*Asks:* 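Would you mind keeping the following structure in view while I ask a few things?
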Amino acid sequence: MIKSIKGFNDILHVATSTSQPSSYWRRLEGILKEVLDQFGYEEIRLPIVEETQLFARAIGDATDIVEKEMFSFTDKSDPPTPITLRPEGTAGAVRAVIEHNLLRGDSPKLWYMGPMFRYEQPQKGRYRQFHQLGVEAFGSEHVDVEAELIAMTYMMWQRLGIDHELTLEINSLGELEERHAYRAALVEFLTDKKEQLDADSQRRLSTNPLRILDSKDPNTQALLTDAPRLSDFLGEQSRSDFEQLQSYLTALGIDFVINPKLVRGLDYYNKTVFEWVTDKLGSQATVCAGGRYDGLIGQLKSIGQSKKGSDKPVKSDPAVGFAMGLERLLLLVQAVNPMPEAPACDVFVVVHPDLYEQGLIYAQSLRAARLDLRVKMASASSLKSQMKKADKSGAKLTVILAQDEIDSQRISVKDMQTGEQSCHDRLWLHSADNFTVDEIAR
Ligand code: ATP
Ligand code: MG
């Protein structure tokens with residue numbers, strides 16, 4: 001038997017050991033999209049595959065994602081182009097914004113939803129193909145954008161009934177030079193303690209020292225107690241922006257915790273970083289994460305420039321974004337505020353096999369008149385076997401059409417909860433206005 005690939009899960013109409021039913025996904029996505037619409041953000045749909053160098057340059061060579069989590073291949077061109085299944089969406093969004101010149105005179109606020117791919121050890125809340133909602137707001141260097149994005153996520157949590165389960169952590173990484181100065185101080189502090197660090201952190205000391213701050217190793221954490229603090233290296237502007245963000249959040253009534261060790265695993269961030277975390281999902285605690293990345297656009301633009309041989313410095317454009325993991329969000333929603341079962345069917349039309357054509361016309365006109373109803377039929381088997389299917393379908397009402405009904409121009413309706421059967425004028429169901437059985441409306 002051919003099975004699905006490890007970490008790549010089916011999302012079915014029913015629950016599986018690795019996914020909730022597709023109806024839950026649709027409702028979650030529906031709520032998220034409503035909030036995105038309320039904030040006036042616009043959808044983009046991007047390719048799932050990009051050139052490998054896009055991710056290597058944007059995310060950073062020394063990050064977990066690029067070092068070990070990417071699904072990379074070469075295509076069949078000559079010479080072959082290295083390509084990668086997207087591990088995140090920001091790099092592709094920035095590529096698209098540059099390629100289509102979307103920043104000229106505009107500050108687009110964009111979102112995308114879809115699968116991402118990372119070669120990780122599958123476990124609850126961590127998969128090789130997973131789904132993110134990503135939001136990117138371009139063109140503003142003001143911290144109001146951070147406030148707006150966080151307000152948007154907070155509204156999503158409220159609409160999902162999980163706002164009490166999530167804690168907002170924020171930090172400022174400062175501008176690039178400030179971070180570099182801090183990095184040098186941190187490396188100096190840790191160099192003579194290198195032997196006492198965990199293996200990953202020893203390696204990171206030369207490749208990505210800031211990541212040592214979020215090491216899970218207790219010894220490493222103990223060593224960091226007296227380490228220099230990032231906040232002491234922030235310049236005037238970084239500091240005042242960070243304070244402004246805090247006062248916006250306070251004004252909006254959004255609680256937050258300053259986590260001085262929050263650094264994020266991607267290279268492109270500067271100034272604000274934030275995460276929404278929960279204690280309900282074990283070590284897969286982060287549901288949503290983001291921050292400001294003012295340098296990335298310039299950095300990616302300069303790749304093309306250097307090919308053309310120009311040395312002109314490339315202007316960047318400020319940007320802020322976040323991504324949330326939809327699997328983790330669904331797990332959290334189901335843990336604390338489960339979605340009600342959606343009715344799979346409102347009306348089941350059972351029709352005598354000889355009169356199937358009449359049944360088709362009837363179901364079709366009912367659907368046309370009542371857009372809110374789910375109207376199902378079985379194929380033309382015996383009335384008894386169709387009734388069995390109606391029973392299993394969860395329908396509230398079953399409409400029965402046999403010769404008697406056709407002759408009398410009436411229909412029989414069975415209330416599937418009470419088992420009561422009644423007879424009605426057929427027109428009664430033909431006209432939307434006269435369709436008065438309110439309880440079958442969802
Ligand atoms: P983690 O620390 O859990 O590995 P991350 O820092 O790698 O997360 P980001 O790159 O910031 O994650 O991605 C944003 C969000 O996408 C995460 O907060 C999480 O909700 C989700 N996510 C990331 N990787 C996975 C995965 N392999 N499976 C499911 N969800 C994921
Ligand atoms: Mg990760």
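One-based numbering, in listed order, for ligands and for the atoms of each. These values consider heavy atoms only, across backbone and side chains, with no hydrogens, waters or symmetry-generated copies. Since we're looking at a predicted model, the values are computed, not measured.
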*Asks:* Would you kindly check if the NZ (Lys) or CZ (Arg) of K6 is within the cone defined by 45 degrees around the ring axis of F8 and under 6.0 Å from the six-membered ring centre?
*Replies:* no

*Asks:* Can a non-hydrogen atom of Q284 be found less than 4.0 Å from any atom of ligand 1?
*Replies:* no

*Asks:* Please work out which of M116, Q121, R126, Q129 has its closest non-hydrogen atom nearest to atom 3 (O) of ligand 1.
*Replies:* R126

*Asks:* Among all the protein's non-hydrogen atoms, which is closest to atom 28 (N) of ligand 1, and how far away is it?
*Replies:* Y127 N, 3.0 Å

*Asks:* Give a yes or no on whether the backbone of R86 and the side-chain of T84 come within a donor-acceptor separation of less than 3.5 Å.
*Replies:*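 Looks like no, no N/O pair under 3.5 Å.
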
*Asks:* Looking only at heavy atoms, is any part of R264 under 4.0 Å from ligand 1, and if so is it the side chain, the backbone, or both, or is it neither?
*Replies:*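 Side chain only.
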
*Asks:* Considering only NZ, NE, NH1 and NH2 on the basic side and carboxylate oxygens on the acidic side, decide whether R118 and E88 come within less than 4.0 Å.
*Replies:* no

*Asks:* Heavy atoms only: which of F117, F322, F130, W276 is nearest to atom 26 (C) of ligand 1?
*Replies:* F130

*Asks:* Check whether T220 reaches the backbone of D198 with its side chain - one donor and one acceptor, N or O, closer than 3.5 Å.
*Replies:* yes

*Asks:* Using a 3.5 Å distance criterion without hydrogens, assess whether the side chain of D346 forms a donor-acceptor pair with backbone atoms of L373.
*Replies:* no

*Asks:* Is the shortest distance from a heavy atom of E88 to ligand 1 less than 4.0 Å?
*Replies:*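 Outside the 4.0 Å threshold, so no.
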
*Asks:* If you take the nearest heavy atom of each of Q132, E275, M324, which one is closest to atom 16 (O) of ligand 1?
*Replies:* Q132

*Asks:* Can you tell me the protein heavy atom closest to atom 27 (N) of ligand 1 and the distance?
*Replies:*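 Going by distance alone, atom 27 (N) of ligand 1 is nearest to E120 OE2, 2.6 Å.
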
*Asks:* To check your reading of the model: name the closest protein heavy atom to atom 12 (O) of ligand 1, its residue, and the distance in Å.
*Replies:* R118 NH1, 3.7 Å

*Asks:* Is the backbone of L110 close enough, under 3.5 Å, to the side chain of Y112 for a donor and an acceptor to pair up by distance?
*Replies:* no

*Asks:* Quick one: list whatever passes ring pair (Phe, Tyr, Trp, His ring centres under 6.0 Å) with W276, sequence neighbours left out.
*Replies:* W157

*Asks:* Can you tell which part of R328 has a heavy atom less than 4.0 Å from ligand 1: side chain, backbone, both or neither?
*Replies:* side chain

*Asks:* Do me a favour and list the nearest non-hydrogen protein atom to atom 21 (C) of ligand 1 with residue, atom name and distance?
*Replies:* G325 CA, 3.6 Å

*Asks:* Any donor-acceptor pair under 3.5 Å linking the side chain of E178 with the backbone of E175?
*Replies:* yes

*Asks:* Taking non-hydrogen atoms only, is D64 closer than 4.0 angstrom to ligand 1 via side chain, backbone, both or neither?
*Replies:*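 It is neither part, as no heavy atom is under 4.0 Å.
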
*Asks:* Quick check against the 3.5 Å criterion: does Q221 have a side-chain atom that pairs as donor or acceptor with the backbone of L213?
*Replies:*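 The answer is yes, because a donor-acceptor pair under 3.5 Å joins these two groups.
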
*Asks:* Looking only at atom types and distance, does a side-chain atom of D75 sit under 3.5 Å from a main-chain N or O of T81, one as donor and one as acceptor?
*Replies:* yes

*Asks:* A289 to ligand 1: N or O pair under 3.5 Å?
*Replies:* no

*Asks:* Can an N or O of E327 be found at a distance shorter than 3.5 Å from an N or O of ligand 1?
*Replies:*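 Between E327 and ligand 1, no N or O pair is found under 3.5 Å apart.
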
*Asks:* Give me the nearest non-hydrogen protein atom to atom 20 (O) of ligand 1 as residue plus atom name, then the distance to 0.1 Å.
*Replies:*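 Going by distance alone, atom 20 (O) of ligand 1 is nearest to T286 O, 3.0 Å.
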
